Amino acid sequence: MRTEFLPFARPSISEEDVAAVTETLRSGWITTGAGCADFEDAVCRRLGCRSAVTVTSGTAAMHLALHALGIGPGDEVVTPSMTWVSTVNLITLAGATPVFVDVDRDTLMVSPESVAAAVTNRTKAVIPVDFAGAACDIAPMRKMASERGIALIEDAAHAIGTVRTGGEEVGSIGTAIFSLHPIKTITSGEGGILVTDDETLGSRIRQLRFHGLGVDAWQRGQQGRAPQSEVLEPGMKCNLPDMNAVLGHRQFDRLDTLIDRRGDIAKRYQERLHGMPGIQMLTTSPTTDRHSWHLCIVRVDEEDAGISRDAFMQGLRDRNIGSGIHFKAVHTHAWYQSHADLWRSEPLPNTNWNSERICSLPLFPEMTDADVDDVIDAISEIVPACERVSA
Ligand SMILES: *Cc1c(COP(=O)(O)O)cnc(C)c1O
């Protein structure tokens, strides 16, 4: 058994990252400045999008997008319940109604058909999720949204660096948010980026991230902002500090290397978990050309495995291995259960089935092949049905 704990996620911080943050700390300017501007330029160059706006979290990026779109009371926003709670919380806080649609049982992503079926004349936005680092089937959703005059914001918190079938990298078309939380594929400590090919929306969000002033916290060549700047509309305060931006930028420059290593680890998991009774990995959607492998998810089905998901996770913990749940369906959380009048839902059989069985295995670039094998060995010990198969 492992003597050292294997976490389910761990950021890859290089000496170069440490040096970049240290240099910023010593520079005399640690909040939003040249570090953010350079990072945003690099994101725009890679994706070919018009605007990239760095903020303090993926949640903040979504908050600003919903606010800029004017989403409020009487509006509906269609999204999966199999997602992180942040989007649904924001829809609710805006006074709008989240409308949940079911996901595919094995990709955990919404289909264009299920989204279209949930749209009404009150629908103001649709927020699909690129789950685990795969790409959702966005083209038909874009078409439907533009025909019906509905906004489409892609929750790409899992999918920086993901490439769609046909070669389009996630974030290069339309409006999307990325998260730079430490468990995500690249991190800035905390942070997020909104990318959009709508320049007007991008400028508005840039303004909204800093009090709604007509200027940024920092303007090129000026070290600071003009003291006379005016509020053009009431805004938030969620600009990303340069301390974080330089870390995110260094990580972004290594994105392909990090994804390649994640892919190798995922492949080893796939090979070794294949045929393991009661343990089902997700399948990769046909709309994904390059999976960025933010998460390696299995579903533990008690009937076949002979163990519940929660006991499975405890078994891993007892063997010094961490794991996670991504996600417990939002509508099953306490507040949403006690406020069922404030959301609407299509039937969610696949969401519910997965919510009770889902488990994320350790996956981060510095993991060794031996670490993966430790996880597999632990699973073979924990899952009673494995004995049946090997006996
Ligand atoms: C992580 C995550 C977010 C929010 O990102 P933060 O940077 O933590 O605010 C949004 N949506 C999904 C699906 C996520 O996994």
Side-chain angles (χ1 to χ4, degrees), residues 2 4 6-12 14 104-109 129-137 156-170 183-187 251-252 254-301 304-305 312-313 316 319-326 354 357-383 385-386 389-390:
R2 290 181 67 91
E4 199 192 326
L6 178 69
F8 105 86
R10 177 190 221 150
S12 299
S14 68
D104 180 87
R105 189 182 188 271
D106 297 315
T107 66
L108 303 186
M109 294 194 282
V129 179
D130 298 304
F131 213 94
C136 68
D137 186 7
H158 297 182
I160 194 161
T162 297
V163 178
R164 312 196 117 91
T165 305
E168 174 195 322
E169 187 158 324
V170 167
I183 78 158
K184 300 287 162 49
T185 307
I186 61 167
T187 186
Q251 300 240 317
F252 185 69
R254 294 203 300 283
L255 180 59
D256 294 317
T257 314
L258 294 171
I259 290 176
D260 286 347
R261 178 60 194 148
R262 284 178 173 275
D264 290 344
I265 296 167
K267 190 156 169 257
R268 196 172 182 89
Y269 270 126
Q270 275 170 331
E271 286 165 3
R272 303 223 40 206
L273 286 170
H274 185 75
M276 201 164 296
I279 306 297
Q280 303 174 27
M281 288 187 81
L282 296 184
T283 56
T284 298
S285 65
T287 45
T288 307
D289 183 44
R290 178 166 80 162
H291 198 307
S292 62
W293 288 105
H294 161 51
L295 294 171
C296 176
I297 290 174
V298 294
R299 284 76 53 79
V300 182
D301 190 33
D304 294 338
F312 174 88
M313 290 177 72
L316 288 175
R319 288 163 181 77
N320 266 326
I321 295 169
S323 60
I325 297 178
H326 305 92
N354 277 285
R357 290 168 179 79
I358 214 160
C359 171
S360 303
L361 299 177
L363 175 55
F364 55 90
E366 266 92 58
M367 261 178 91
T368 63
D369 290 352
D371 289 333
V372 178
D373 294 343
D374 284 347
V375 178
I376 302 293
D377 293 347
I379 293 174
S380 315
E381 275 177 43
I382 295 162
V383 173
C386 286
V389 168
S390 58

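It should be emphasised that the depicted structure is a prediction, and the values quoted were computed from it without experimental measurement. All heavy atoms count here, side chains included; hydrogens, waters and symmetry mates do not.
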(request) List the atom of Ala305, the atom of Val300, and the distance in Å for their closest heavy-atom pair. (result) CB-CG1, 4.3 Å

(request) Among Arg272, Lys267, Arg268, find the one that has a salt bridge (charged side-chain N to carboxylate O under 4.0 Å, His left out) with Asp369. (result) Arg268

(request) Check whether any side-chain heavy atom of Leu255 lies under 4.5 Å from a side-chain heavy atom of Thr185, and answer yes or no. (result) yes

(message) Run Ile297 and Phe131 through side-chain contact (heavy atoms from CB on, under 4.5 Å) and show every step you take.
(response) CA-CA 10 Å; Ile297 290 174; Phe131 213 94; 3.5 Å; yes

(message) Treating Ser285 as the side-chain partner and Ala135 as the backbone partner, does any N or O pair qualify as donor plus acceptor under 3.5 Å?
(response) yes

(request) Could you go through the side-chain contact (heavy atoms from CB on, under 4.5 Å) check for Leu316 and Leu361 one step at a time? (result) CA-CA 9 Å; Leu316 288 175; Leu361 299 177; 4.1 Å; yes

(message) Using modelled atom types and a 3.5 Å cut-off, is there a donor and acceptor pairing between side-chain atoms of Asp104 and backbone atoms of Met109?
(response) no

(message) Tell me the closest heavy-atom pair linking Ala132 and His158, and the distance in Å.
(response) N-ND1, 2.8 Å

(request) Kindly write out the residues that satisfy salt bridge (Lys or Arg N to Asp or Glu O under 4.0 Å) with Arg10, not counting sequence neighbours, or none if the list is empty. (result) none

(request) Of all the heavy-atom pairs spanning His326 and Ser360, show the shortest one and how long it is. (result) ND1-OG, 2.7 Å

(request) Using a 4.5 Å cut-off on heavy atoms from C-beta on, say whether the side chain of Gln251 contacts that of Thr187. (result) yes

(message) Treating Arg290 as the side-chain partner and Gly161 as the backbone partner, does any N or O pair qualify as donor plus acceptor under 3.5 Å?
(response) yes

(message) Less than 3.5 Å apart, any donor N or O on the side chain of Arg261 or Ser12 sitting next to an acceptor on the other?
(response) no

(message) Apply side-chain contact (heavy atoms from CB on, under 4.5 Å) to residues Ile183 and Phe364 and explain how you reach the verdict.
(response) CA-CA 9 Å; Ile183 78 158; Phe364 55 90; over 6 Å; no

(request) With the side chain counted from C-beta on, respond yes when His294 and Thr162 share a heavy-atom pair under 4.5 Å apart, and no when they do not. (result) no

(request) Calculate, to the nearest 0.5 Å, the distance between atoms CD1 and OG belonging to Ile379 and Ser323 respectively. (result) 9.5 Å

(message) Please check this pair: side chain of Ser292 against backbone of Ile259, looking for a donor-acceptor N/O pair closer than 3.5 Å.
(response) no

(request) Using modelled atom types only, decide if a donor and an acceptor are shared between the side chain of Ser380 and the backbone of Cys386 within a distance under 3.5 Å. (result) no

(message) A side-chain contact here means heavy atoms from C-beta on lying under 4.5 Å apart; do Leu108 and Asn354 qualify?
(response) yes

(message) Consider side chain to side chain contact (heavy atoms under 4.5 Å, CB included). Of Val170, Thr287, Asp289, Thr288, which one does Arg164 pass it with?
(response) Val170

(request) Indicate yes or no: does Arg299 engage Asp304 in a salt bridge with an N to O separation below 4.0 Å. (result) no

(request) For residues Arg2 and Arg319, report the shortest heavy-atom separation together with the two atoms involved. (result) CB-O, 4.0 Å

(message) How close do Ala266 and Met281 get, counting heavy atoms only, and between which atoms?
(response) O-CE, 4.4 Å

(request) Kindly indicate whether the side chain of Tyr269, heavy atoms from C-beta on, has any atom under 4.5 Å from the side chain of Pro362. (result) yes

(message) Would you compute the distance between atom CH2 of Trp293 and atom CG of Asp264 and round it to the nearest 0.5 angstrom?
(response) 12.0 Å

(request) Starting at CG of Asp377, measure out to CD1 of Ile382 and round the result to the nearest 0.5 Å. (result) 10.5 Å

(message) Could you report the tightest heavy-atom contact between Thr107 and Thr283, atom names first, then the distance?
(response) CG2-O, 3.6 Å

(message) When you compare the side chain of Lys184 with that of Ile160, does any pair of heavy atoms fall below 4.5 Å?
(response) no

(message) Please evaluate residues His291 and Leu282 with respect to the criterion side-chain contact (heavy atoms from CB on, under 4.5 Å), reporting the C-alpha separation (whole Å), side-chain torsions for both, the decisive distance (0.1 Å), and the verdict.
(response) CA-CA 12 Å; His291 198 307; Leu282 296 184; over 6 Å; no

(request) Using only heavy-atom distances, determine whether the side chains of Asp371 and Thr368 contain a donor-acceptor pair under 3.5 Å. (result) yes

(request) Would you check if Ile325 and Met313 make a side-chain contact, meaning some heavy-atom pair closer than 4.5 Å? (result) yes

